[in-house]
Amino acid sequence: MAGEDPDAYARLSVCVDIVLMGVRKGAPCALLLRRDAAPFAGHAALPGGFVGAQEALEDAARRVLCNKAGLLDVQCEQLYTFGEVARDPRRRIVTVAWLALLAPAALEAALEANPELLCATLAVPDGDGSDDIAVLDPTGARLLLAFDHEQILALALERLRGKLDYTAVGFDLLPSFFTLRQLQDVHEAIRGTTLNKPAFRRRMIDKGWIAPTGTRETGTSHRPAELYRFRGLS
């Protein structure tokens, strides 16, 4: 605008950070990368990057998904904007966090596309809030996270818990055809608590969100369970 001096304002940079979240081995998990440069060299971090001067936020998020996780067709939504003044020791950097939910096949495809990705478990006290989240490596050791990325992961898990009962987010973490046991596993993993099996199944069926496919799972050592599909929110 005429008369304004852009140099009169402090400069800042904008990043995008992507929470790639799934459920693995009965627990919520997220894909992280080890930083090989300062600051926080050696710490785990969310896949992310700076936003170009002529780049839309959505385009930057898609670029990070492609370049760092090999994912081309995954939906992500804005989670929150993190702008604490001292969140990055280099300079003032604001990050826009995005959340992408991965079905099992997409999770494994991302790990295969980039062997540097680390599948970290998000552990919380049973039935508790996600403020005390612990991010664990595959051996169960607690990971040190860069910047405020532990806070971002905690908020992502809290957001999922809040939306589980009235949106389709739980089904985004499942294959297209799933058993009722798999559906309950996802809900228990996100909630961090054990659910009553008959009551949960009755509630899911009564909602009208799922429909039987008439087929059963294969390749199991036990009696094959019936497969269901997501039919939409009623």
Side-chain angles (χ1 to χ4, degrees), residues 17-32 44 46-47 69 71 74-80 97-111 117-138 140 142-143 145 149-210 225 227-234:
D17 285 302
I18 316 294
V19 179
L20 296 167
M21 186 175 290
V23 171
R24 200 183 202 203
K25 298 179 180 179
C29 63
L31 300 183
L32 306 174
L46 296 168
L71 297 172
V74 173
Q75 295 295 319
C76 61
E77 65 176 38
Q78 279 194 34
L79 175 65
Y80 196 74
W98 297 73
L99 175 61
L101 302 180
L102 302 182
L107 182 68
E108 299 305 324
L111 289 167
L117 283 169
L118 171 69
C119 189
T121 299
L122 309 181
V124 292
D126 287 349
D128 220 339
S130 53
D131 290 344
D132 296 326
I133 187 172
V135 184
L136 310 178
D137 71 13
R142 188 160 188 164
L143 286 165
L145 266 66
H149 289 187
E150 188 168 309
Q151 179 186 352
I152 295 175
L153 285 169
L155 181 63
L157 187 55
E158 181 183 358
R159 180 73 56 85
L160 277 186
R161 284 178 167 178
K163 298 172 70 172
L164 200 55
D165 273 338
Y166 69 93
T167 74
V169 293
F171 299 98
D172 292 334
L173 297 165
L174 287 162
S176 299
F177 303 113
F178 51 86
T179 66
L180 291 177
R181 177 69 259 175
Q182 288 174 314
L183 179 59
Q184 184 170 341
D185 285 346
V186 163
H187 279 249
E188 290 181 341
I190 299 303
R191 294 180 187 279
T193 191
T194 301
L195 301 171
N196 178 272
K197 179 179 172 180
F200 174 81
R201 294 187 174 193
R202 185 168 55 251
R203 182 162 56 90
M204 288 294 106
I205 292 172
D206 289 347
K207 281 177 177 286
W209 291 0
I210 60 176
L227 292 170
Y228 287 75
R229 63 175 177 84
F230 175 57
R231 71 192 307 178
L233 304 183
S234 55

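If you read the sequence from its start, that first residue is 1, and numbering goes on from there. Everything numeric here is computed off the predicted structure, so don't read it as measured data.
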Are side-chain heavy atoms of Pro138 and Leu118 found at a separation under 4.5 Å? yes
Contact between Pro28 and Leu160 at the side-chain level, heavy atoms closer than 4.5 Å - yes or no? no
Would the number of heavy atoms belonging to other residues, nucleotides or ligands and lying under 6.0 Å from CZ of Phe230 be above 12? yes
Closest non-hydrogen atom pair between [X] and [Y], with its separation:
X: Pro198; Y: Asn196; answer: CD-OD1, 3.1 Å
X: Leu107; Y: Val23; answer: CD2-O, 4.5 Å
X: Arg231; Y: Ile210; answer: CD-O, 3.5 Å
X: Ile190; Y: Arg161; answer: O-NE, 2.6 Å

Apply side chain to side chain donor-acceptor pair (under 3.5 Å) to Arg24 and list each qualifying residue two or more places apart in sequence or on a separate chain. Glu108
Sorted by chain and residue number, the side chain to side chain donor-acceptor pair (under 3.5 Å) partners of Arg181 (sequence neighbours excluded) come out as Asp185, Glu188
Nearest 0.5 Å, please: how far is [atom2] in [Y] from [atom1] in [X]?
X: Glu150; Y: Leu46; atom1: CD; atom2: CG; value: 11.0 Å
X: Gln182; Y: Leu180; atom1: CD; atom2: CG; value: 9.5 Å
X: Ile152; Y: Leu155; atom1: CD1; atom2: CG; value: 8.5 Å

With sequence neighbours excluded, tell me which residues meet side chain to side chain contact (heavy atoms under 4.5 Å, CB included) with [X].
X: Ala156; result: Val19, Met21, Leu79, Leu99
X: Ala120; result: Leu32, Val135, Leu143
X: Ala225; result: Thr179, Glu217
X: Ala110; result: Leu31, Ala69, Leu71, Leu117

Using a 3.5 Å cut-off and no angle test, enumerate the donor-acceptor pairs between side-chain atoms of residues 166-178 and protein atoms at least two apart in sequence or in another chain.
unit_1: Thr167; atom_1: OG1; unit_2: Lys163; atom_2: O; d: 2.8
unit_1: Thr167; atom_1: OG1; unit_2: Val169; atom_2: N; d: 3.3

Asp165: which residues meet the salt bridge (Lys or Arg N to Asp or Glu O under 4.0 Å) condition with it, sequence neighbours left out? Arg191, Arg203
With sequence neighbours excluded, what pairs up with Arg201 under the salt bridge (Lys or Arg N to Asp or Glu O under 4.0 Å) test? none
